[in-house]
Amino acid sequence: MNAIANGLKKKRKAMNLLLIEVSNQCGLLPSTILKIELGTHSNSNDIQKLTSFYSN
């Protein structure tokens with residue numbers, strides 16, 4: 001889980017996106033995205049939304 005979380009955070013940083021920008025695009029709260037990046041949020045639907053956003 002932490003490897004996925006670290007990868008998602010690195011992708012966001014590499015794209016120079018703020019949490020709020022990602023939040024607006026994938027329909028998740030910024031706090032949820034932060035929890036996913038920290039590895040403390042395990043809702044697979046939310047993680048799928050976020051990974052789908054980065055893969056597009």
Side-chain angles (χ1 to χ4, degrees):
M1 179 67 179
N2 283 339
I4 294 170
N6 287 335
L8 292 172
K9 185 174 184 177
K10 286 180 183 179
K11 283 186 179 186
R12 181 174 62 82
K13 296 280 187 178
M15 297 170 75
N16 291 320
L17 295 172
L18 300 173
L19 284 173
I20 193 69
E21 294 172 315
V22 176
S23 171
N24 289 339
Q25 293 296 316
C26 63
L28 297 171
L29 295 172
S31 60
T32 302
I33 296 169
L34 183 60
K35 289 175 186 175
I36 292 170
E37 290 180 353
L38 293 173
T40 60
H41 187 78
S42 60
N43 184 317
S44 60
N45 291 332
D46 291 346
I47 295 169
Q48 181 62 37
K49 283 182 185 179
L50 194 55
T51 55
S52 294
F53 168 75
Y54 287 127
S55 65
N56 289 335

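With rounding to the nearest 0.5 angstrom, the CD1 atom of Ile20 is 9.0 Å from the CG atom of Leu29. Remark: Lys9 NZ to Leu50 CG distance equals 13.0 Å, nearest 0.5 Å. Atom-to-atom distance recorded for Asp46:CG and Lys35:NZ is 10.0 Å, nearest 0.5 angstrom. Distance check, rounded to the nearest 0.5 Å: CD1 of Ile33 to NZ of Lys49 gives 10.5 Å. Rounded to the nearest 0.5 angstrom, Ile47 CD1 and Glu37 CD are separated by 11.5 Å.
For the pair Ser23 (side chain) and Leu19 (backbone), a donor-acceptor distance under 3.5 Å is absent.
Side-chain contact, Ser52 with Gln48: a donor N or O sits under 3.5 Å from an acceptor N or O.
At a threshold of 4.5 Å between side-chain heavy atoms, the hydrophobic network of Ile, Leu, Val, Met, Phe, Trp and Tyr places Val22 and Met15 in one connected group. Hydrophobic clustering (side-chain heavy atoms under 4.5 Å, transitive across Ile, Leu, Val, Met, Phe, Trp, Tyr) groups Leu38 together with Ile4.
When each of Leu17, Leu8, Leu28 is paired with Phe53, the side-chain contact (heavy atoms from CB on, under 4.5 Å) condition holds for Leu17 and for no other.
When all heavy atoms of Ile36 and Ala5 are compared, the closest pair comes out as O-CB, 3.1 Å.
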